[in-house]
Amino acid sequence: MTNDSENSAVAVIALTKVGSALGRQLCTKNDRFTLVVPAKYAQAHEQSFARGGFKTAFRELFQTMDCVVCIMATGIVVRTVSTLLVDKTSDPAVLVVDEKANHVISLLSGHVGGANAWTLKIAKLLGADPVITTATDTEHVQALDNLAKRVHGYYPEFKYRTKQINSLLAAGESVEIYVAPAFKTALSDLRGFHVLTDLSQRDPQVPLVIVSDQALTDKFVNSVQVVPRVNVLGIGCRKAVSYDMMQQAFTEFCTQYQLSWHSICGISSIDRKQHENAIHYLADTLGISATFYSAAELNQVADHYPESKFVKQTVGVATLPILQQRYWLGRRP
């Protein structure tokens, strides 16, 4: 699921003539929004549904869109969405707007799905009042899941940890946080947390959140580590290298750089290696994608990485390492 960025797929759906007009007005403020209205109110090139087809149309939008803005009564949306819910980590954002544009309500997937952020944006576009009832938002503290989202972060036991930390923050209880230097700029909003500049300062009795892409050798009790998924692993290899060798090389690489494997969000190599099964095996094992580039594309960033004359002579680019025990890691900008 995408976040509330420009790449998000947003649909605006209405039921009445007045609601359709408001939806049309909203879509003129952002040409990336998709308007869906009853056929009798649709204008040229607008998506529509036939009489009695609202539930079918809504179901399709729920399954394909990142955010669904419903211009209608809240009760209609609640009854319709109740049979479609799957999980808070995958359900899209659902908003409700009244036909007079007095209020924009964040109904579903406030944090993970971005409904709260979309509520604020759309309320501003319409000059309406945003209605957000999430405890951390009403208490004006940063939520763990929102914080993790800003750095594309992973943390274990997502539902349990989110409820645990957010409940403490909303109640005004003490929660410590340490943010590794590389991620401080992205996480300037740490309202509600007690910020540590060094992990040696921590109080073991107080819950701790650590934001770092490093594999921490020290085990911190009563803590949760948010691992930003921001690193791209570059791989070069000999032909038909084994799965075991690839796995061993990756493990040794992470150990050498004290890197958490959860921080790897992609694998890259030269296009000559796109048929190497071991590369695809590692990508599948990590649950990420493998992307392959031509020598010309790689040469555009050659100055940023160590060079190998052998590789330059073999594949035409000096930045691709030799497999066996050599690898490189490029951090995504």
Side-chain angles (χ1 to χ4, degrees), residues 1-3 5 7 87-91 109 111-114 142-166 175-187 189-190 193 195-196 199 202 207-237 243-269 278-291 321 327-333:
M1 176 176 297
T2 62
N3 56 23
S5 69
N7 295 323
D87 189 271
K88 68 181 296 181
T89 60
S90 59
D91 292 336
S109 297
H111 286 163
V112 181
Q142 181 60 276
L144 177 63
D145 44 344
N146 260 355
L147 179 150
K149 187 175 179 180
R150 291 193 61 82
V151 291
H152 308 287
Y154 158 87
Y155 55 94
E157 302 177 285
F158 178 83
K159 291 182 180 180
Y160 169 74
R161 291 299 189 181
T162 300
K163 182 178 180 180
Q164 176 197 34
I165 299 299
N166 287 355
V175 179
E176 295 179 336
I177 188 169
Y178 169 79
V179 180
F183 307 106
K184 286 184 177 180
T185 301
L187 298 178
D189 182 4
L190 297 175
F193 287 97
V195 181
L196 304 180
L199 283 171
R202 77 150 310 191
L208 169 67
V209 174
I210 303 172
V211 182
S212 173
D213 60 354
Q214 298 294 294
L216 302 177
T217 54
D218 295 328
K219 300 298 182 182
F220 296 92
V221 297
N222 199 18
S223 69
V224 55
Q225 181 180 355
V226 175
V227 181
R229 306 198 72 185
V230 294
N231 295 321
V232 178
L233 183 70
I235 299 179
C237 66
Y243 291 0
D244 287 343
M245 181 179 290
M246 181 64 73
Q247 184 68 60
Q248 179 183 355
F250 176 70
T251 300
E252 291 178 0
F253 171 82
C254 289
T255 301
Q256 179 182 349
Y257 291 96
Q258 296 182 320
L259 196 72
S260 169
W261 67 266
H262 287 294
S263 72
I264 306 298
C265 63
I267 289 178
S268 297
S269 190
I279 294 179
H280 293 285
Y281 158 78
L282 182 60
D284 291 343
T285 299
L286 298 177
I288 56 181
S289 62
T291 305
Y327 359 79
W328 56 268
L329 179 79
R331 176 166 289 168
R332 177 178 289 175

**Request:** Step by step, work out the side chain to side chain donor-acceptor pair (under 3.5 Å) result for Q248 and E252.
**Result:** CA-CA 6 Å; Q248 179 183 355; E252 291 178 0; 2.9 Å; yes
**Request:** Measure the shortest side-chain to side-chain distance between I288 and R229 over non-hydrogen atoms and say whether it is less than 4.5 angstrom.
**Result:** yes
**Request:** Indicate the atoms forming the closest heavy-atom contact of P156 with Q225, along with that distance.
**Result:** CD-O, 4.0 Å
**Prompt:** Atom CD1 in I267, atom CD1 in I279: separation rounded to 0.5 Å?
**Reply:** 8.0 Å
**Complete:** By ring-ring contact (aromatic ring centres under 6.0 Å, His included), F220 pairs with (sequence neighbours left out) none
**Asked** Between atom CD of E176 and atom CZ of R202, what is the distance when rounded to the nearest 0.5 Å?
**Response** 6.0 Å
**Message:** Let's go through K159 and K163 carefully: what are the C-alpha distance in whole Å and the side-chain angles of both, what is the deciding distance for side-chain contact (heavy atoms from CB on, under 4.5 Å) to 0.1 Å, and is it a yes or a no?
**Reply:** CA-CA 6 Å; K159 291 182 180 180; K163 182 178 180 180; over 6 Å; no
**Message:** Show, in sequence, the C-alpha distance, side-chain angles and deciding distance for Y281 and Q247, and conclude whether the side-chain contact (heavy atoms from CB on, under 4.5 Å) test is met.
**Reply:** CA-CA 9 Å; Y281 158 78; Q247 184 68 60; 3.4 Å; yes
**Prompt:** Can you tell if the side chain of V226 reaches within under 4.5 Å of the side chain of Y154, non-hydrogen atoms only?
**Reply:** no
**Request:** Return the minimal non-hydrogen interatomic distance between S212 and F183, and the atom names on each side.
**Result:** CA-CE1, 4.3 Å
**Request:** Search all heavy atoms of P228 against all heavy atoms of V211 and return the closest pair with its distance.
**Result:** CG-CG1, 4.0 Å
**Prompt:** Is there a donor-acceptor pair closer than 3.5 Å between any side-chain N or O of K88 and the backbone N or O of V112?
**Reply:** no
**Test side chain to side chain donor-acceptor pair (under 3.5 Å) applied to D213 and S260, step by step** = CA-CA 6 Å; D213 60 354; S260 169; over 6 Å; no
**Asked** Any side-chain heavy-atom pair from L233 and F250 closer than 4.5 angstrom?
**Response** yes
**Prompt:** Counting distance only, does the side-chain N/O of R150 pair as donor-acceptor with the main-chain N or O of A186 below 3.5 Å?
**Reply:** yes
**Message:** Once side chain to side chain donor-acceptor pair (under 3.5 Å) is applied, do any residues pair with Y178, and if so which ones, sequence neighbours excluded?
**Reply:** none
**Prompt:** Shortest non-hydrogen contact from I235 to S269?
**Reply:** O-OG, 2.6 Å
**Message:** Within this structure, what is the OG-CZ distance for the pair S223 and R161, rounded to the nearest 0.5 Å?
**Reply:** 7.0 Å
**Prompt:** Does I210 reach the side chain of L216, with side-chain heavy atoms less than 4.5 Å apart?
**Reply:** yes
**Request:** Begin from the C-alpha positions of V179 and L190 and carry the test side-chain contact (heavy atoms from CB on, under 4.5 Å) through to its verdict.
**Result:** CA-CA 10 Å; V179 180; L190 297 175; 4.2 Å; yes
**Asked** Under the side-chain contact (heavy atoms from CB on, under 4.5 Å) criterion, do L208 and N222 qualify, and how do the steps go?
**Response** CA-CA 6 Å; L208 169 67; N222 199 18; over 6 Å; no
**Prompt:** For the residue pair H111 and N166, what are the closest heavy atoms and their distance?
**Reply:** ND1-ND2, 4.3 Å
**Rounded distance [0.5 Å steps], CG in N146 versus CD in Q142** = 5.5 Å
**Prompt:** If we ignore angles and hydrogens, is there a donor and acceptor under 3.5 Å between the side chains of D91 and S109?
**Reply:** no
**Request:** Write down the atom of L259, the atom of I264, and the distance for their closest heavy-atom approach.
**Result:** CD2-CD1, 3.8 Å
**Request:** Indicate yes or no: at least one non-hydrogen side-chain atom of H262 is less than 4.5 angstrom from one of Y155.
**Result:** no
**Message:** Distance check, rounded to the nearest 0.5 Å: I177 atom CD1 versus L147 atom CG?
**Reply:** 4.5 Å
